[in-house]
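Here's the structure we're looking at; comments come further down.
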Amino acid sequence: MDKKKWLIVGAGVLVLGGFLSLFEDKPKADAEAKPSTSASAPAAPTVQPTSEAPKVSGIPSPDAAQTVALVAALKAVDPALVAKEDRAVSRARDTCLDVRENKDAATVQKNAGARFTGGSVTVTDDQAAKIVDAVKTSFCG
């Protein structure tokens, strides 16, 4: 009798789960593929095609040769700066963005020092200036 009771409870849970799944939201892929509209929702404006290519990112990115030059320059400042090269390149790109946004030199240097400080590395003001110089000379000139 006890076994029969558990089977009934288990079947009830499965039925309840199936019933509740009827009220589940659409999967994200479906929602993006077919946006839902309602009668009260305003129509989306149509986008006219342009001859301009879309911008991928406003942050400059070094090519392979520039990355090699950047990593070498950062290693000259402190080898620990490039313990994770992808992270160092990402931080250098953010530093380049500061330069491109015409932030004053002191701010660019302070931000670079803060970006590259972490883990076992504490960047001095002199090192931060060298980092900014490495970024400018390698790919952000």
Side-chain angles (χ1 to χ4, degrees), residues 2-141:
D2 195 30
K3 188 175 184 180
K4 187 176 181 181
K5 195 185 275 186
W6 282 111
L7 286 174
I8 292 172
V9 170
V13 169
L14 286 174
V15 169
L16 181 62
F19 179 73
L20 290 176
S21 70
L22 293 174
F23 299 102
E24 189 175 279
D25 289 340
K26 289 183 180 180
K28 191 170 187 164
D30 275 350
E32 289 174 359
K34 296 179 182 176
S36 62
T37 59
S38 66
S40 63
T46 57
V47 177
Q48 297 296 324
T50 63
S51 60
E52 294 179 20
K55 291 183 180 180
V56 176
S57 171
I59 304 175
S61 186
D63 62 25
Q66 292 169 330
T67 300
V68 169
L70 173 65
V71 168
L74 291 174
K75 276 184 183 176
V77 175
D78 183 346
L81 292 175
V82 291
K84 295 183 179 179
E85 288 185 16
D86 58 330
R87 184 179 292 170
V89 170
S90 175
R91 291 172 177 172
R93 291 181 66 213
D94 291 337
T95 300
C96 182
L97 184 60
D98 283 352
V99 171
R100 294 279 173 98
E101 290 177 342
N102 294 319
K103 293 184 179 178
D104 64 277
T107 300
V108 174
Q109 183 175 325
K110 182 182 73 119
N111 290 349
R115 281 187 188 105
F116 282 87
T117 292
S120 64
V121 179
T122 302
V123 176
T124 65
D125 288 340
D126 183 52
Q127 288 174 318
K130 290 177 181 177
I131 290 169
V132 172
D133 186 52
V135 169
K136 286 180 178 179
T137 58
S138 62
F139 75 99
C140 189

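A quick note: this is a predicted structure, and the numbers were derived from the prediction, not measured.
Interatomic distance, Ile131 CD1 to Leu81 CG, rounded to the nearest 0.5 Å: 4.5 Å. For the atom pair Arg91 CZ and Lys84 NZ, the distance stands at 9.0 Å (nearest 0.5 Å). Rounding to the nearest 0.5 Å gives a distance of 9.0 Å between NZ of Lys110 and CG of Asp104. Taken to the nearest 0.5 Å, the SG atom of Cys140 stands 8.5 Å off from the CG atom of Leu97. A distance of 10.5 Å separates OG1 in Thr137 from CD in Gln66, rounded to the nearest 0.5 Å.
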**Study point:** Residues Asp78, Phe116; criterion side-chain contact (heavy atoms from CB on, under 4.5 Å); working and verdict
**Key:** CA-CA 10 Å; Asp78 183 346; Phe116 282 87; over 6 Å; no
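The two atoms that bring Gly141 and Arg100 nearest to each other are O-NH2, 4.3 Å, heavy atoms only. In this structure, Ala92 and Phe139 approach most closely via the heavy-atom pair O-CZ, 3.8 Å. Of all non-hydrogen atoms in Ala112 and Ala128, the two that sit nearest each other are CB-O, 4.4 Å.
Between Cys96 and Lys136, every side-chain heavy-atom pair lies at or beyond the 4.5 Å cut-off. Within the 4.5 Å cutoff, the side chain of Leu70 has heavy atoms near those of the Val135 side chain.
Each of Val89, Asn111, Ile59 was compared with Asp94 under the side chain to side chain contact (heavy atoms under 4.5 Å, CB included) criterion, and only Ile59 meets it.
When atom types are taken as modelled, the side chain of Gln109 and the backbone of Ala106 share no donor-acceptor pair closer than 3.5 angstrom. Between the Thr67 side chain and the Asp63 main chain, a donor and an acceptor come within less than 3.5 Å of each other.
Surrounding NZ of Lys103 are more than 12 heavy atoms belonging to other residues, nucleotides or ligands, all under 6.0 Å away.
Side-chain atoms of Thr95 and Asp98 form no donor-acceptor pair, as typed in the model, at a separation below 3.5 Å.
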